[in-house]
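Read the structure below first, then the notes.
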Amino acid sequence: MEQLMSQALPPGQRFYELSDLLAAYAHVDFTFSDTAEAPGPALSAYLRMAARDPGRAATAVRQIDDLLAVGVFSEEIADEVEHLPHIRPPMGTSVEDCLRVVKDHLHRFLRDPSRTPQANPQSSWEWNQRFPSLGQLLGAYFHRDFSYIYESREEALDEYVGEADPQDREQAAQEIGELLEMVSSERELRTATTALGLDLLPPRGMSLRKWLESIRRRITAA
């Protein structure tokens, strides 16, 4: 297989966490860029997310071992491998070689997850991993087809409040607060919210930060 479209597999399927890991590469450049000495940008992003839940990395190691033991070309797992994000190995290496390098980095990470350098998300994959509930809100209700569905931002937000579970609204409100603390400039905030699916400008006369604050108040008060 020369390459391992990003289509995440839900928990319960054989390689769901490996699919998530490989999706990080798909959102950078579809290339394994790690060396034996250091993880590349995609794996670094995954490790930052795994530092919040190290069990994810342990699961990824098990699934890599499973894949390599069965064989990438095995008919037994052909359908599931077909749905994994297809990531290119560097010239002269194989996907299997690259996965072994990834596994080595995961093992090092698991020895002390707290040593993972932290930074703001660097890709749309990482932004959505870090702020999943906010991404659902912005991407599902304030997307590019917004004007074909809603008469106003208020109508869209009212629909979200009416449809979302209380736990999801609470999580989205918390994530808005965390995002506003994480980024300081309007430019950074625009980059983050665009990655999270926002495709609208704030209401006239209102900054993006103020609009997000008003959204947080609305969904908290519901």
Under 3.5 Å donor-acceptor, [X] side chain and [Y] backbone:
X: Gln171; Y: Ser133; value: no
X: Gln122; Y: Asn120; value: yes
X: Glu170; Y: Pro166; value: no
X: His107; Y: Val102; value: no
X: Ser44; Y: Gly40; value: yes
X: Asn128; Y: Ser124; value: yes
X: Asp29; Y: Thr31; value: yes

ask   = Which residue pairs pass the salt bridge (Lys or Arg N to Asp or Glu O under 4.0 Å) test when at least one of the two sits in residues 184-196, sequence neighbours left out?
value =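 Sorted pair list comes back empty.
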request  = Using the salt bridge (Lys or Arg N to Asp or Glu O under 4.0 Å) rule, collect all pairs that involve residues 31-48, keeping only residues at least two apart or in two chains.
outcome  =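 Non-adjacent pairs meeting salt bridge (Lys or Arg N to Asp or Glu O under 4.0 Å): Arg48-Glu126.
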Could you tell me the separation between the [atom1] atom of [X] and the [atom2] atom of [Y], rounded to the nearest 0.5 Å?
X: Glu178; Y: Leu180; atom1: CD; atom2: CG; answer: 10.0 Å
X: Tyr150; Y: Leu157; atom1: OH; atom2: CG; answer: 10.0 Å
X: Asp66; Y: Glu80; atom1: CG; atom2: CD; answer: 9.0 Å
X: Leu200; Y: Leu138; atom1: CG; atom2: CG; answer: 9.5 Å
X: Ile77; Y: His83; atom1: CD1; atom2: NE2; answer: 14.0 Å
X: Gln13; Y: Leu18; atom1: CD; atom2: CG; answer: 12.5 Å

Taking all non-hydrogen atoms of both residues into account, name the closest pair between [X] and [Y] and its distance.
X: Pro90; Y: Cys98; result: CD-SG, 3.5 Å
X: Pro85; Y: Ala23; result: CG-N, 3.7 Å
X: Trp127; Y: Ala195; result: CD1-CB, 3.5 Å
X: Phe142; Y: Ile215; result: CE1-CD1, 4.5 Å
X: Tyr46; Y: Ala60; result: OH-CB, 3.7 Å
X: Val28; Y: Pro41; result: CG1-CB, 4.4 Å

Is [Y] close to [X] at the side-chain level, that is, under 4.5 Å between some pair of heavy atoms?
X: Val101; Y: Thr35; value: no
X: Arg108; Y: Leu110; value: no
X: Leu201; Y: Leu208; value: no
X: Thr193; Y: Leu179; value: yes

request  = Just grab all the side chain to side chain donor-acceptor pair (under 3.5 Å) pairs involving residues 209-222, residues at least two apart or on different chains.
outcome  =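 Residue pairs with at least one partner in residues 209-222: Asp158-Arg218.
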inquiry  = Same cluster or not: Leu137 versus Trp125, using hydrophobic residues (I, L, V, M, F, W, Y) connected whenever any side-chain heavy atoms lie under 4.5 Å apart?
reply    =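 Per the 4.5 Å side-chain linkage, Leu137 and Trp125 are not co-clustered.
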inquiry  = Test of understanding: with side chain to side chain contact (heavy atoms under 4.5 Å, CB included), list the residues that count as partners of Asp97, not counting sequence neighbours.
reply    =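 Once residues adjacent in sequence are excluded, the partners of Asp97 under the side chain to side chain contact (heavy atoms under 4.5 Å, CB included) criterion are Thr93, Ser94, Arg100.
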message = The criterion is side chain to side chain contact (heavy atoms under 4.5 Å, CB included); which residues satisfy it with Asp199, sequence neighbours excluded?
response =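 In terms of side chain to side chain contact (heavy atoms under 4.5 Å, CB included), with neighbours along the sequence ignored, Asp199 is linked to Arg144.
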task = Inspect the surroundings of CG in Asp79 and state if more than 12 heavy atoms from other residues, nucleotides or ligands are less than 6.0 Å away.
result =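 No - once you tally the heavy atoms of other residues, nucleotides and ligands closer than 6.0 Å, there are 12 at most.
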message = How about CD on Glu75, more than 12 heavy atoms from neighbouring residues, nucleotides or ligands closer than 6.0 Å, or not?
response =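 No, not enclosed.
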query = With a 4.0 Å cut-off, would you call Arg130 and Glu175 a salt bridge?
reply =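 Between Glu175 and Arg130 there is no salt bridge, as every charged N stays at least 4.0 Å from the carboxylate O atoms.
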task = Sort out for me which residue in Arg56, Arg52, His27 forms a side chain to side chain donor-acceptor pair (under 3.5 Å) with Gln129.
result =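 Going through the options one by one, the only one that passes is Arg56.
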query = Does anything in residues 155-206 pair up under ring pair (Phe, Tyr, Trp, His ring centres under 6.0 Å), and if so which pairs, sequence neighbours excluded?
reply =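 The answer is Tyr141-Tyr160.
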request  = Determine, step by step, whether Leu106 and Leu21 satisfy the side chain to side chain contact (heavy atoms under 4.5 Å, CB included) criterion, reporting the C-alpha distance in whole Å, the side-chain angles of both residues, the deciding distance to 0.1 Å, and the verdict.
outcome  = CA-CA 11 Å; Leu106 293 173; Leu21 190 162; 4.0 Å; yes
ask   = Aromatic ring centroids of Phe32 and Tyr25 under 6.0 Å?
value =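 For Phe32 and Tyr25, the ring centres are under 6.0 Å apart.
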task = List the steps, then state whether side chain to side chain contact (heavy atoms under 4.5 Å, CB included) holds for Phe131 with Met182.
result = CA-CA 12 Å; Phe131 299 105; Met182 177 182 289; 3.8 Å; yes
